[in-house]
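What follows is one structure encoded as structure tokens, with my remarks underneath.
A, B, ... follow the sequence lines: proteins, then strands. Residue 1 opens every chain. The shown structure was predicted, so the numbers you read here are calculated from the model rather than taken from an experiment. As a basis for the values below, the full set of heavy atoms in this structure was taken, side chains included, without hydrogen atoms, waters or symmetry mates.
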Protein chains: 2
Amino acid sequence: MLDSETKAVETPEDHAEELRLWLRLLTCTTLIEGEVRGRLRERFDVTLPRFDLMAQLDKAPDGMTLSDVSKRMMVSNGNVTGLVERLVESGHLDRRTSDTDRRVQVIRLTKLGRAEFRKMAAEHETWIADIFADLSPKDVRELMRLLAKTKSSAQKSAGRRKA
Amino acid sequence: MLDSETKAVETPEDHAEELRLWLRLLTCTTLIEGEVRGRLRERFDVTLPRFDLMAQLDKAPDGMTLSDVSKRMMVSNGNVTGLVERLVESGHLDRRTSDTDRRVQVIRLTKLGRAEFRKMAAEHETWIADIFADLSPKDVRELMRLLAKTKSSAQKSAGRRKA
DNA sequence: GCCAATTGCTTGAAGCCTAAAGAAATTCGA
DNA sequence: TCGAATTTCTTTAGGCTTCAAGCAATTGGC
């Protein structure tokens, strides 16, 4: 009794399984991300961050503020500033200052931007389907469920840190 | 009959589920990566790529070549060159040219590098445990299994592209 | 109405990362 | 053994990314 309690306190807990899980998760994402990045470059000569940003805007016909984009993409503000700059420069994005708050920049896809994105997105979807081809519909559902659980667990942990 | 066949051909297949799965996978990874990056910086003032590189070397007491590291970390050669440069500079890595092949650079952790890494790794493991805390052992096993399947499916797809 | 705090964005410094081209060493086929 | 192909690593150009500091506009308490 005493022994087992002592042991429970002294022995550092073994979290090797969770560590392995994290590494595998990271490997999968890196692998897929690299694949998608490569195909986007080959087929459309576009970078992944540019594609991701356009994807966000495609879902928001009325535009988004830079802060919205930053939160959605989970990247820093400064990062978005630079990305938007280059996409405005290339004619894919339209940017204007909000009428009601002069701090706020609202960005939208231009006609060109939307057209190009739609073309890319259609093909992109087939790549993703190919990448996940070996997973059954049941596998997909189950992964969705477990990743949802993972996400909320990670968010809770992040909350604990900041608090 | 004919109708359903016709429809099967004309209707673009719906891969929305796979797409959602990919986005969720990416969200999880980004979330956890950001959390780990932040903690490494706060606690040890070290970057995630540096930590990852040291983790590879910790598992290889006899050292690794830059190519090995590049493959393991799934990053470009040039990336490794720069990372190693900075870690040698800070005294964490030792680097020497192979005796048998003068193209090859063998890198190892220095005593300092190993000591610092071990300290960081111990704490890192507890962060990961905390991040995945809501997952049961069964969840972990099941995720491991499904991610293994995902990885091999993605690799197969990548192979199809290059071939 | 005033002023402190907050919010939205930009800037700057540093580092990370890729793709592509190139240099040096090795390997291997003829 | 010669030379072509390959391998290992570095370099370069460009872009991505973060963090921290800072500016401008707005908000909220008083």
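At most 12 non-hydrogen atoms from other residues, nucleotides or ligands lie less than 6.0 angstrom from CD of A/Glu89.
Residue pairs meeting the ring-ring contact (aromatic ring centres under 6.0 Å, His included) criterion with at least one partner in residues 67-90 of chain B, sequence neighbours excluded, are absent. Residue pairs meeting the ring-ring contact (aromatic ring centres under 6.0 Å, His included) criterion with at least one partner in residues 123-160 of chain A, sequence neighbours excluded, are A/Phe51-A/His124.
Within 4.0 Å (heavy atoms only), B/Ser67 reaches sugar-phosphate atoms of the nucleic acid but no base atom. Residue contacts shown for B/Ser70 are absent, as no nucleic acid heavy atom lies under 4.0 Å away.
For the pair B/Arg145 and B/Glu142, the salt-bridge criterion is met [side-chain N within less than 4.0 Å of a carboxylate O].
Between A/Asp101 and B/Lys71, it is B/Lys71 whose nearest contact on DNA chain D lies nearer the 5' terminus.
Interface residues of residues 24-40 of chain B facing DNA chain D, ordered by number: none; criterion, heavy-atom separation under 4.0 Å. Contacts of residues 79-86 of chain B with DNA chain C (heavy atom under 4.0 Å): B/Asn79, B/Leu83, B/Arg86.
Note: CG (B/Asn77) to P (C/dA21) measures 16 Å, nearest angstrom.
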Going by atom type alone, with no hydrogens or angles, which donor-acceptor pairs under 3.5 Å involve a side-chain atom of residues 73-87 of chain B and a protein atom two or more places apart or on another chain?
{"unit_1": "B/Ser76", "atom_1": "OG", "unit_2": "B/Asn79", "atom_2": "N", "d": "3.3"}
{"unit_1": "B/Asn77", "atom_1": "OD1", "unit_2": "B/Ser70", "atom_2": "OG", "d": "3.2"}
{"unit_1": "B/Thr81", "atom_1": "OG1", "unit_2": "B/Asn77", "atom_2": "O", "d": "3.3"}

Tabulate below the donor-acceptor pairs under 3.5 Å that side-chain atoms of residues 17-24 of chain B make, not counting sequence neighbours, or state none.
{"unit_1": "B/Glu17", "atom_1": "OE2", "unit_2": "B/Arg20", "atom_2": "NH2", "d": "2.5"}
{"unit_1": "B/Arg24", "atom_1": "NH1", "unit_2": "A/Met144", "atom_2": "O", "d": "3.0"}

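For the OP1/OP2 pair of C/dT18 and a distance below 4.0 Å, the side-chain nitrogens and oxygens of A/Arg41 include no atom meeting the criterion. Contact annotation: A/Thr47 does not reach the phosphate of C/dT18 (side-chain N/O to OP1 or OP2, under 4.0 Å).
B/Lys138 is linked by a side chain to side chain contact (heavy atoms under 4.5 Å, CB included) to B/Ser136, B/Arg141, counting only residues two or more places apart in sequence or in another chain. Evaluation of the side chain to side chain contact (heavy atoms under 4.5 Å, CB included) rule for B/Lys149 yields A/Leu135, A/Asp139 as partners, not counting sequence neighbours. Partners of B/Glu35 by side chain to side chain contact (heavy atoms under 4.5 Å, CB included), not counting sequence neighbours, listed by chain and number: A/Ala158, A/Arg161, B/Arg39, B/Ile131.
Extent of DNA chain D lying under 4.0 Å from chain B heavy atoms, first and last nucleotide in 5' to 3' order, is D/dT7 to D/dA20.
No hydrogens or angles considered: a donor-acceptor pair under 3.5 Å links the side chains of A/Thr100 and A/Ser98.
Proximity of a side-chain donor or acceptor of A/Glu125 to a complementary backbone N or O of B/His15 within less than 3.5 Å is detected.
Grouping Ile, Leu, Val, Met, Phe, Trp and Tyr by side-chain contacts under 4.5 Å, direct or through others, puts A/Val104 with A/Val106.
Clustering ILVMFWY residues whenever any of their side-chain heavy atoms sit less than 4.5 angstrom apart, transitively, puts B/Ile32 in the very cluster that holds A/Leu146.
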Strictly under 3.5 Å: I want the nitrogen or oxygen pairs between protein and nucleotides 3-7 of chain C, one per line.
{"unit_1": "C/dT7", "atom_1": "O2", "unit_2": "A/Arg103", "atom_2": "NH1", "d": "2.5"}

